[in-house]
2 protein chains.
Amino acid sequence: MSVEDGIDFAIIELFFFAYRDFTSDPDQILADYGFGRAHHRVLHFVNRRPGLTVAELLDVLKITKQSLARVLKQLIDTDHVVQLQGPRDRRQRELYPTAKGRALALALARPQSRRIHAALQDSGTTERTMVERFLEAMVNPELRAQIDVGSAKMSGKSHGEH
Amino acid sequence: MSVEDGIDFAIIELFFFAYRDFTSDPDQILADYGFGRAHHRVLHFVNRRPGLTVAELLDVLKITKQSLARVLKQLIDTDHVVQLQGPRDRRQRELYPTAKGRALALALARPQSRRIHAALQDSGTTERTMVERFLEAMVNPELRAQIDVGSAKMSGKSHGEH
DNA sequence: AGATTATGTCAGTACTATTGACGTAATTTC
DNA sequence: GAAATTACGTCAATAGTACTGACATAATCT
């Protein structure tokens, strides 16, 4: 069962290797832009949840605003992201991807999606669902609300297309 | 299907959240020792593959020796890891965990294992196998040899107990 | 003997993250 | 309407992890 001392070393190790290789694909592309992983994460979430505010982004990424500042500034300066004043609360800055930003987000996601697809290629819907369920169950319960797994949960949130 | 533009954003995002929370448990413990994630990874592999050489460790972690140096030195100075001159090749340094090192490695692995167990608790052997297969398939094919999934592949390697 | 290998180390740099402090504008509260 | 709070931005200092390049030493191989 590959369990020693009651510890599941096998999956611990697999998770490490899997995530490392999973992130290596976009890393190569990012290097061409002088960007790092932090830029990727910001761009990903801005693209996924267009119109989210700075505070919401900080909450999702679980980093400080000082950490976000540099990265977000670079994405704005390079015309990948734009900030719009919040309509309800003018203190807020709603973040949106530009066409250029969407294109980069897509380019970064493509190899990752290909890798996932390849890993699931011989599997049916069952395995895909199981993997999704497993990954979701690995997330801290309090934070599961942050996740938009599919269109079902999406509708509950207020930041849709805009 | 939560797939837009043919991109599997759902699993991409789940993988990010899952890995973030997965690493957060040991991070808290490591902070008490003044260690970081790099120390965890080194200690993990030294504990898992006692007697591995510096070169093998570098190959598994995919980092440079300069990056390893600081971390490994600290683990040796704090009596978590010992180096023994290689028996066949005296240039090599075989790395072994001390009792203290094994204890820490175990303490770090415990919450991760608990999390995995909880995520799989309602599942049978099938789901566990599927998750393992998925994670393994996410790893670059060339690198799968590095992984000891279970006792089956373990026996093929030369570094067992010592 | 000379080349190669395994490891260690010094120096400089980059990226991502942190804490703490302060400023400004907008909203909320009393 | 004045005061407190909130959302965001920014400056400064620090830490952890990684990189490239260069050089040194000892051991092994050719």
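Quick caveat: nothing in here was measured; it's all calculated off a predicted structure. Below, chains carry the letters A, B, ... as their sequence lines are ordered, and counting in each starts from 1.
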Using a 4.0 Å heavy-atom cut-off across all strands, classify [X] as base, sugar-phosphate, or nothing.
X	value
A:Q74	nothing
A:H40	nothing
B:K73	nothing
A:Q85	nothing

Report the nucleotide, chosen from [options], that has the shortest atom-to-atom distance to any side-chain atom of [X].
X	options	answer
A:R90	D:dC8, C:dA17, C:dA26	C:dA26
B:R37	D:dA27, C:dG8, D:dT17	D:dT17
B:R70	D:dT17, C:dC10, C:dT16	D:dT17
B:I63	C:dA6, D:dC19, C:dT9	D:dC19
A:R93	C:dT7, C:dA17, D:dC8	D:dC8
A:T64	D:dA7, C:dT19, C:dC22	C:dT19

Please give, in whole Å, the distance from [N] [atom2] to [X] [atom1]?
X	N	atom1	atom2	result
A:L72	C:dA17	CG	C1'	16 Å
B:K65	D:dC19	NZ	C1'	14 Å
B:D27	C:dT16	CG	P	18 Å
A:L68	C:dT19	CG	C1'	16 Å
A:L95	D:dG9	CG	P	8 Å
B:L30	D:dT17	CG	C1'	14 Å
A:F16	D:dT17	CZ	C1'	13 Å
A:Q83	C:dA25	CD	C1'	14 Å

Handout entry: Residue mapping more 5' on DNA chain C - nearest nucleotide basis, A:G34 or A:S67
Key =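 Result of the comparison: A:G34.
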[N] phosphate, OP1 or OP2, under 4.0 Å from [X] side-chain N/O:
X	N	result
A:H39	C:dC15	no
A:R88	D:dT6	no
A:Q92	C:dA25	no

Please confirm whether the ring centroid of [X] lies under 6.0 Å from the ring centroid of [Y].
X	Y	value
B:F45	B:Y96	no
A:H80	A:F35	yes
A:F22	A:F15	no

Exercise for the section: Give a yes or no on whether a donor-acceptor pair under 3.5 Å exists between the nucleobase atoms of D:dT6, that is its base, and the side chain of A:R91. Expected result: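 Yes, the side chain and the base share a sub-3.5 Å donor-acceptor pair.
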Problem - Polar side-chain contact A:Q66-C:dG20 base: donor and acceptor under 3.5 Å - result: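 Yes.
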Handout entry: B:E56 side chain to B:T53 backbone, donor-acceptor under 3.5 Å
Key =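 A pair under 3.5 Å: yes.
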Handout entry: Closest heavy-atom pair and its distance - B:L30, B:G36
Key =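 What the structure gives for the nearest pair is CD1-O, 3.5 Å.
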Handout entry: A:E94 and A:R49 ion-paired at < 4.0 Å
Key =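 Salt bridge flag = no for A:R49 with A:E94.
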